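Below is one structure, written out as structure tokens; the observations come after it.
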Amino acid sequence: MIYNIEYETMPREALEAIQLRRLQSTVERVYATVPFYRRKLQEAGIAPADIRSLEDLRRLPFTTKQDLRDNYPFGMFAVPMDNVVRIHASSGTTGKPTVVGYTARDIGMWSELMARALSAGGASRGDIIHNAYGYGLFTGGLGVHYGAERLGASVIPISGGNTKRQIMIMKDFGPTILTCTPSYALHLAEVAVDMGLDFKDFRFRSGIFGAEPWSEQMRAEIERKLNLTAIDIYGLSEVIGPGVSIECLEAKKGLHVFEDHFIPEVIDPKTEEVLPYGVSGELVFTSITKEAFPILRYRTRDISSLNPEPCVCGRTHVRMHRISGRTDDMLIIRGVNVFPSQIESVLMETEGVEPHYQLVVDREDNLDILTVMVEIGEQAFSDEVRRLQDLEKKIAKNIKEYLGVSAKVKLVEPKSIARSEGKAIRVIDNRKY
Ligand code: DLL
């Protein structure tokens with residue numbers, strides 16, 4: 001079902017007129033209220049009045065994760081803190097997270113977009129939504145939650161983890177829509193089998209899965225094992241959280257971008273030139289309605305392409321291809337974004353450890369397992385076993401505390417990690433998507 005017929009099926013011309021008006025007012029507002037944007041625009045020689053058509057979007061400077069980091073924590077907010085009612089965060093490239101804020105109106109807009117998304121994925125008022133995205137600083141849990149309530153569905157705010165209890169609740173409460181990461185969906189299916197239960201006996205119709213990369217093969221496996229229709233949902237904290245785009249139940253072919261709120265572009269990551277429809281490159285988003293944290297031309301590092309062809313579902317919003325990779329080295333481990341550089345900073349703060357390490361990522365029972373192999377110095381290597389085990393534990397604890405992700409730490413002999421002539425190979429990802 002289409003939640004907002006007027007906006008989701010708006011003819012292109014009318015949609016573009018709204019986009020232009022909203023873009024102009026966003027540029028005016030950030031110019032007036034965010035010193036970072038004013039400086040960037042001035043450096044590029046652009047005044048807000050220069051934005052006369054949607055084509056002029058290309059003249060605006062890009063925004064990157066580094067810019068957010070430089071303005072940590074609240075430097076890019078466009079309203080006084082008095083008007084900020086919610087703060088979320090996700091991992092930055094080094095120690096500090098990427099922080100975003102929302103006004104009450106932003107939360108209202110986001111709830112509407114998530115109601116639209118859930119609706120596109122097959123949910124409606126009568127549904128019970130089992131929401132196993134994490135609640136907290138991560139945008140997944142609360143994003144889905146507010147959308148589910150806006151839709152008028154019943155939401156079970158179960159959050160992540162405690163899998164056996166989740167299965168018991170599924171059996172007893174009879175939820176009809178499942179929301180979680182695709183890898184957790186497969187893990188749930190396995191645990192159910194271990195408990196002597198089968199998803200065929202549950203009442204799920206649709207699952208709305210995202211927050212990490214997955215593939216058509218994985219979709220087929222999830223649909224078979226969980227006995228439901230699997231829908232891809234995409235989003236990122238910097239733009240709003242989940243609810244930037246979603247597949248429709250009718251086509252399941254590309255994710256409709258909510259273009260009345262976000263303008264997508266695809267660029268060549270090297271030349272930064274805008275690429276035509278159908279060509280794969282880096283996704284860039286501009287928010288055109290957000291108040292607390294508007295963002296101009298945010299470089300997502302996610303790889304995709306855009307398809308403007310009409311869709312059988314009737315929505316007129318452009319579709320993005322499912323994410324096929326990233327242009328940087330960010331890993332997503334059990335839904336947590338992790339940069340190798342963050343692990344490196346933890347290691348570098350630990351005495352006795354050498355700056356040679358490798359991250360190995362595996363998927364066991366559909367759960368991501370991160371193993372950090374670290375070389376230790378000759379001195380430490382001659383220590384007793386117990387001391388080495390303590391060191392492993394200490395590093396694992398620091399990684400957990402610092403990054404929020406569990407890792408197995410393995411100390412290895414001096415000089416045993418292969419040296420490379422060029423770029424060090426820091427990551428071995430054995431997961432099959
Ligand atoms: O993952 C928001 C979200 C929550 C999306 C729940 C969907 C469902 P971040 O933690 O900021 O936000 O991570 C954003 O996750 O740049 C992508 O690399 C990746 N990602 C998100 N959705 C998908 C997807 C949330 N459907 C980063 N397919 C993004 C592939 C995805 N990658």
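Whatever order the structure lists them in is the order used to number ligands and atoms, beginning at 1. These numbers come from the heavy atoms of this one structure, side chains and all, not from hydrogens, waters or symmetry mates. Fair warning: this is a prediction, and the values are worked out from it, not measured in the lab.
Regarding atom 25 (C) of ligand 1, its nearest protein heavy-atom neighbour is Gly235 O, 3.5 Å. The shortest contact between atom 18 (O) of ligand 1 and any protein heavy atom is with Asp302 OD1, 2.7 Å. Scanning the protein heavy atoms around atom 11 (O) of ligand 1, the nearest turns out to be Ser237 OG, 2.5 Å. When only non-hydrogen protein atoms are considered, atom 30 (C) of ligand 1 lies nearest to Glu212 O, 3.3 Å.
Proximity of Ile332 to ligand 1, defined as any heavy-atom pair under 4.0 Å, is confined to the side chain (atoms from C-beta onward). If you look at Ala211 next to ligand 1, the close heavy atoms, those under 4.0 Å, come from the backbone and the side chain alike. At a heavy-atom cutoff of 4.0 Å, ligand 1 is contacted by no atom of Thr98, backbone or side chain.
Note on Lys432 versus Glu221: no salt bridge recorded, every NZ/NE/NH1/NH2 to OD/OE distance being 4.0 Å or above. Classification of Asp268 and Lys270 as a salt-bridged pair fails, no side-chain N sitting under 4.0 Å from a carboxylate O. Look at Arg219 and Glu216 and you find a salt bridge, because one of the NZ, NE, NH1 or NH2 atoms lies within 4.0 Å of a carboxylate O, short of that distance.
Interface atoms of ligand 1 facing Met330, defined by a heavy-atom separation under 4.0 Å, are 18 (O). Close approach to Arg326 involves these atoms of ligand 1, each under 4.0 Å from a residue heavy atom: 16 (O), 18 (O). For ligand 1 and Ile323, the ligand atoms under 4.0 Å from any heavy atom of the residue are 28 (N), 30 (C). Atoms of ligand 1 found under 4.0 Å from any heavy atom of Pro242 (numbered from 1 in listed order, with element): 2 (C), 3 (C), 4 (C), 5 (C), 6 (C), 7 (C), 8 (C). The contact set between ligand 1 and Gly140, taken as ligand atoms under 4.0 Å from a residue heavy atom, comprises 4 (C), 6 (C). Of all atoms in ligand 1, numbered sequentially from 1 with element shown, those under 4.0 Å from a heavy atom of Thr139 are 2 (C), 12 (O). Which parts of ligand 1 touch Gly210 is read off a 4.0 Å heavy-atom cut-off, strictly below it: atoms 7 (C), 8 (C), 26 (N). Within the listing of ligand 1, atoms 24 (C), 26 (N) sit less than 4.0 angstrom from a heavy atom of Asp232.
More than 12 heavy atoms of other residues, nucleotides or ligands lie within 6.0 Å of CD in Glu43, so this atom counts as buried by the packing criterion.
At a 3.5 angstrom cut-off on N or O pairs, Asn337 counts as close to ligand 1.
Under the 30°/60° scheme for interplanar angles, the aromatic rings of His130 and Phe204 are found to stand perpendicular.
Glu344 contributes atom CD, which lies 5.5 Å from atom CE of Met348 (distance to the nearest 0.5 angstrom). Remark: Thr286 OG1 to Arg297 CZ distance equals 6.5 Å, nearest 0.5 Å.
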Start with the C-alpha gap between Tyr102 and His88, add the side-chain angles, then the distance that decides, and say whether ring pair (Phe, Tyr, Trp, His ring centres under 6.0 Å) holds.
-> CA-CA 9 Å; Tyr102 305 77; His88 280 289; 5.6 Å; yes

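For the pair Arg150 and Tyr3, the cation-pi criterion (under 6.0 Å, within 45° of the ring axis) is not fulfilled.
Nearest heavy atom pair, residue Glu291 against residue Val79, reads O-CG1, 3.6 Å.
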